[in-house]
Amino acid sequence: MKRFIHYLLLLSALIAASAYASEKAHKVERDYEFYPPAPAFQTQDVADEKSAGCMSCHTDTDSKNMHSNSAVVLGCTDCHGGNASVKIEAGMTRKTDGYFAKMEQAHVLPTLPDAWLYPSSANPEISYTLLNKESPEFIRFMNPSDYRIVEDACGSCHQKEIEASKRSLHATGAMLWGGASYNNGILPFKNYILGEAYTRDGKAAAIQGPIKPDAAMTEQGVIDTLYPLPAWETVKPGDIFRVFERGGRNITNLFPETGIPNSLGVLQRLEEPGRPDFRQSNRGPGTGQRISVPLINITKTRLNDPLLWFMGTNDQPGDYRNSGCASCHVVYANDRDPRHSGFYAQHGHEGKSISKDPTISKTESGHPLQHTFSNAIPTSQCMICHMHQPNMFMNTYLGYTMWDYESDAPSMWPEKQKYPTEEEKHDVYEHNPEGAAARGKWGDRDFLKNVSDLNPELKDTQFADYHGHGWNFRAIFKRDRKGNLLDAEGEKVSDQDPEKFDKAVHMSSVHLDVGMHCVDCHFSQDGHGNGHLQGEVALAVEIDCQDCHGNADSYPNLTTSGPAKLENGRDLTLLRTPDGRKRFEWINGKLFQRASLDPNKEWELSLVKDSVTEGNDHYNEKAARAKLMSKDTDNLSWGEFVPTNNRAHQDSEMECYSCHTSWTTSCGGCHLPIQANQKTERHHYEGGESRNYATYNPQVARDQIFMLGRRGDRKGGKIAPVRSTSALVLSSTNSNRENIYIQQPPISSSGYSSQAMNPHFPHTVRKTETKDCQDCHVSDTNDNNAIMSQLLMFGTNYINFVGKYAWVGSENAVNAVDVTEWEEPQAVRGSYLQKYAYPDFYQAHLDKGGELTAHTHSAGEVGCLQMRGEYLFVAEGKEGFSVYDIASIDNKGVSQRIISAPFSPLGHDAHIDSKDASCMTMPSMTQPIAYERNDSELMRVTNKETPMHPIHKYAFITDREEGLILVDINTFADGEPRNNQLERALTWNPGGVLKGANHITMGGYYAYISTPIGVLVVNLNEPLKPKLESIISVKDARATALQFRYLYVTTAEGVQVVDVTDVKNPHLLPTKIELADAQRIYLARTYAYVAAGKDGLVILDIEQADQPKVYQTFNADGEIKDARDVIVATTNASLFAYVADGVGGLKVLQLTSPDIQPKFYGFSPEPNPHLIAHYQTSKPALSLSRGLARDRGVDETGEQISVFGRLGSRPLNLEEMKRLYLNPNGKPWTVPVDSSTLKRTDGYKND
Amino acid sequence: MKKGLMPIIAALFICAASAVQALPQNDERVHEGVASCANSVCHGRAAPKDGSDVNLNEYRIWLKNDAHSLAYKVLLNDKSKMIAANLGLPDAHTAKICLDCHADNVAPEYRGAKFQISDGIGCESCHGGSQNWLATHTGKDATHPQNLANGLYALTDPDAKAGLCLSCHQGTKDKLATHKIMGAGHPRLRFDMAVFSANQPRHYDLDADYFARGKSELAPADAWLSGLTNAAIGSLELIEDHFDRGQVFPELALFDCHSCHHGMNDKRWNANSTLAAGSVRLNLSQIRLLADVIEPLDLFSSGELASLRDAINTINNGSQVSVGQVKAGAAALTLQLRSIKVVLAEASLDAVAWAAIRESMLKQAARGAYSDFIMAEQMFLALDTLNMAINPNGTYQREVDAIFATVKDESHFSPASFKQASQQFYQRLGK
């Protein structure tokens, strides 16, 4: 037997190549001895005996017992198992015959030697579920701290920590599966039920809490049991896409497979031309390719992988680590930046060892730095996992966010376009699941690891030195709203300055800047968990800002007070740094903290009470003003006289970091395209391969979005910053490479749109770059209307997503114009990104004069159209109102891609006759929602979801003759096409007041209807009982656009502005932009884009929203001849405008890009329009469908639209919003731009 | 063992049964540092561990409640800075003279990886360097004697414990809060083994498993007497080691501070004193009290008692004559005290004996014999312990408190008030 194994091992050493496919690894039967658990105590003599043989080869090690405390007495085999009596004879070396045999006698050998690349001891790359297939004995030998077997080595002393750790979010990942499944409509449980855990022999296991939670504990978020994540193929999808609907054709006996529809293409040939794709097998949802894409993404890409039950992938800087306790406590070389890695930085970032042990390779990657446990865990170790989106994205702490493929594109994309084969793509995706990586230079790991070396030469950004998952992270610099780089004093730094990135402030956390690593705030309990099962990250944290900084009234008591604290909290003064110092100490009235990593570092803590106390050395008037400000909004009096309960910014009402945040990351969405015939492994549970795969493609990661919402009650219900949390759009390509649906946003389990939002702590605390008054309140110069719109989560129509097709309404058709690449990155044709990512395609685009192609469907005169999910809602003049099925728009197997009747018209009628439908809208506008999902006890009581307003049931149509028509469109979200029988719910035109109505805008449940006599404000709080609130008299109102307090109206006179702060009493402002032929208008942050007929595109600067100014008139050298409508959207880092140019068709303009606007990272950089592509419609183009609004969580009347990912969290309601800018009498109050003009007083100014 | 000859001789003399251990500061073993003990798996638990023979929250008690943990930090405050400046030292927290008692000031080569001088009087300052016992003391079957054999400092031995405490709270040959240090601002020292131990506070329980591990501890009254005896002998050793500085004035820290330091109108001399008015009095408070303490016990002959008082008078009178006479007197007195100590150590005193001692002390106080503040203070501290030993239910607490009221402020000490309060207590005893 031994001989056979030896032979096998030699063989495997020879053929050891690809390690990923453990499936393919040959299994070796082994008969292991019993290795007893490590004892809690033994004498050194006994322990030495257990190391004796080992040390004959290993001769030296960094720490015999792995612990830095000699009270721990351990021999090698106590932890690792194996036979310590085997010794090599004196003089024997590795080269001596018999050495290897001795080693094999002493070591515990793997059952899957080739998968482990045996006899190498390095962590194999991308091993994932290999640990679930290997014997516990070998796992213990290789990593005694792996959770499967950790009790053996560590249990006699650390059982408590072991049990807590296995239940912690670090191990279960419950927040990932929970958030993803809820937000994307897969599971309806906001008290999450899924989590990762395994048995000793690698079987999926449910994991229970230490005690059964009672009602109060449940209320606090303690979970009873977490269950294993089911295999993705067997889960019923929550998505309501067309392919999940009943009906269509299917052949019962030929459609049995899971995950592999249409294998051999046989079925597809049975499908008749012109018919929609068949849908699912007789086994129902979850069969064929009809599964939830987020689920496959969870199990097959590196989106959330791996967690602590598995090793790091050990393939790229930022990926080197082991599993179990060693995940954190055994440090690997991952990052060369000392701010991230502390003193470990000097050892490089390639996972190489510096061990004293002569048998450990110093040149091979995948080894820990040393054989020792450490509590001096560098941030770089945490960042192995916390660089992921979503939920726990901590790059922000370091001052980085995800790169967007655009900045410094010339350095990152190959000069010659790559045409990766499927195999090449697959190889890249194993290391980096971004679709774009297969085309970019960074898909090459040798290039990737040295990306930060490019920094001195880069123009647009600076990269971090860690690349977990193969990703690049760009540094965030201080900028003003226009995107100018700023230095510490707030002075502008020129874009041309070669030292601009040294001069501009890098927006890392001030905590990082003083030298703090994650473990300087998050002590053992935050790492290990408090022992209970938790589902939400913030609930699992015991530390809180005030614990160390105190508040305005008292000094910190150094006792934890966060949601996860146990009993009365942890006394932080007891803590010691790894080098033995007291972690916190008051010395002569100052509070000091000692660094975990640097034994010579300590810092004085900022104490809030000092900062607000006049005369104190640390007095800071801005801090005092903010903390002691009264609710007296008329005078803004502040000072010590203000009692706590009359303060504007109370600790009990808002999180410290609502202000103490310099920036937040907002991932405005990710594209997950599932593809058949991509045989890949599952990364969890039983592993195994299946033939589907989805890449992972961040689309819009912005850093200048700041929004506020409320945390759930469990976390105190305070006001907190909210971020967009990686909302998804999903696509599916079947085995015939037919795109059976594309870029579809799913709907959350609560019925709200899946453009998920999440209150969070951005971890970007800085001292100077905090939020200022005018970041959350109306400024006295009234220059922050867009900021307020963003803050309150109304959205700014800036990072909206126009996908592969721009939808254009023309006089006789709806047109789906193909505006982007399908492959990743989905660059706009003719754009900066296309130029670098696809130079050949870009050239071809130029060669054909920038002409685009389209799919069209005949229609009436399309005054308004809106794509929402798989449907296109169209007001088509005399043809009335129609809903088109556009699910198959990119399906090459479908001849008529825009469908009015997906099956017999007898069972489906998505049309309303009306006399002259001029326009339509929906309150959620671009975001798919499902009203009925929201309406249940589960949602209302258990999940604490706010009720959805009934306005969301309807589409609102204006008809020039009939007035306002309401149509119930709910059935389009229920996955049942047979009930799509549209009927009017209401026709409303009292006294013919709506005659000539030609445009409608919804601001919450208020509709603004443009008519020849002016704009009518209609209250639809009771949707079927409309109430005319007022008429804003203007001459021939043509269209409106709303941004927070101002309604912009295009009229016969040009552009006029209405103050709708009090929507019941709107008043027309005197200011007017005179234009000869203003048509539709679109507001995107501080610019208004006006389709101005023959004048082309007129761009207004609306930073001061009540005083618009013409910024630029643009007609692309006469190319834009008759601008009728315009929308703006973001693709990657760049801004684009789409213009419906009447006789000219669609015009695509690039507004910003690194080469035409170096300030492109600003909140609202100046647009610099360039015509890059166009499509000629057959008849004049009239209208455009707006892009998916990715930053709109709530409407203007405070009704929630998009899902909030944590139980009880929500956007601000209307009353809460109003407090930020209206006094109790409903009158606006303002804050000065320079808040230092507000002086401290001894009493209220009006006293 | 690298101390001078004297301790060895002393050891042979008084405790032949147990070898004298070097004080932890000089134990020549690596002090691994408080952090080596403070781990939450070891002695750093937040609350006592159920079912464990050791509470394992000792670190917490030390850090949160035991003033020893603040010993170093005191050196950072303004007063310490002032003292250091007055002494011409750059810093108090770096000066050996300060650190020797305010921290575990072992030689650099004996400081382990996690050792922090800033921990003040930490675990190993008292328990000794853990180099040889850290790994073994965690064993389930590890016994106290084994740990002692591995170098744990024998705090269960009353003399060893007293020697350790007194090494800072009174002084040794090597370290002493001299008159110069006090002149620079350092407060006066005082010590009472029982009271100070009670206030430390205790970080262990005297329960069955404590004794089962081979440990023992004197009851408070016994501890007080042991401390008093050791302090009495210690005060004489200090005289021998420090009195003669070869300068005009002997070491003034060895005298009763208040014999000079009191208001000009506040005349302290009285006729009870054996010394003439205006004499500066040596601090023999522990010895003088001890003489009154042992008088009512049926352990010493009247000749021994008279001889002791003679010896005290001799050294007292000698202090007015010459250095030589003081040192000779101290030597003679030391010998007497050592023999008294042996007797006391073997005696087992009961409540009756403690009551007799209380009465004896109160009798002296009532007649005005303790008109010096240090005597009054020392007597009060003793009384506090004894009263609780005799009357655990709190009888006479009011009387004790009344006496405390007269000694709590040394700047405004009135011998008459003290005498009066003592008389009242003495009368309450039916005397």
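Just so it is clear, the model here is predicted, and its values are computed rather than measured. So that the names make sense, note that chain A is the first sequence line, chain B the second, and so on, each numbered from 1.
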Applying side-chain contact (heavy atoms from CB on, under 4.5 Å) to B/Y153 and B/D27, what does each step give before you reach the verdict? CA-CA 9 Å; B/Y153 188 74; B/D27 64 8; over 6 Å; no

side-chain contact (heavy atoms from CB on, under 4.5 Å) assessment of A/L597 paired with A/F343: CA-CA 7 Å; A/L597 268 79; A/F343 51 79; 4.0 Å; yes

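- The side-chain heavy atoms of A/V222 and A/I211, taken from C-beta on, include no pair separated by under 4.5 Å.
- Chain B forms the most heavy-atom pairs under 4.5 Å with one residue out of A/P599, A/G589, A/A71, and that residue is A/A71.
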Tabulate, with distances rounded to 0.1 Å, every donor-acceptor pair spanning chain A and chain B at under 3.5 Å.
from   : atom 1 : to     : atom 2 : distance (Å)
B/S36  : O      : A/N69  : ND2    : 2.8
B/Y59  : OH     : A/L574 : O      : 2.7
B/Y59  : OH     : A/R576 : NE     : 2.9
B/K64  : NZ     : A/D571 : OD1    : 3.4
B/K64  : NZ     : A/D571 : OD2    : 2.7
B/K64  : NZ     : A/T573 : OG1    : 2.7
B/K73  : NZ     : A/W586 : O      : 2.6
B/L76  : O      : A/N588 : ND2    : 2.8
B/K114 : NZ     : A/S68  : OG     : 2.8
B/Q116 : NE2    : A/D579 : O      : 3.0
B/D119 : OD1    : A/R576 : NH1    : 2.7
B/D119 : OD1    : A/R576 : NH2    : 2.8
B/D119 : OD2    : A/R576 : NH1    : 2.7

Can I get a per-line list of side-chain donor-acceptor pairs under 3.5 Å for residues 177-184 of chain B, giving both atom names and the distance, sequence neighbours left out?
from   : atom 1 : to     : atom 2 : distance (Å)
B/T178 : OG1    : B/K180 : N      : 3.4
B/T178 : OG1    : B/I181 : N      : 3.2

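- With a threshold of 4.5 angstrom between heavy atoms, B/L76 approaches chain A through its backbone and through its side chain.
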A/L558 and A/L591: CA distance, side-chain angles, deciding distance, side-chain contact (heavy atoms from CB on, under 4.5 Å) verdict: CA-CA 10 Å; A/L558 294 172; A/L591 180 58; 3.7 Å; yes

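- Two residues are said to be in side-chain contact when any heavy atoms from C-beta on lie closer than 4.5 Å; B/P48 and B/D205 fail this criterion.
- Ring planes of B/F191 and B/F196: perpendicular class, angle over 60° (limits at 30 and 60°).
- Only the backbone of B/A113 has a heavy atom closer than 4.5 Å to any heavy atom of chain A.
- In this structure, A/P378 and A/V331 have side chains that are in contact, with non-hydrogen atoms separated by less than 4.5 Å.
- A/P39 does not touch chain B: none of its heavy atoms, backbone or side chain, sits under 4.5 Å away.
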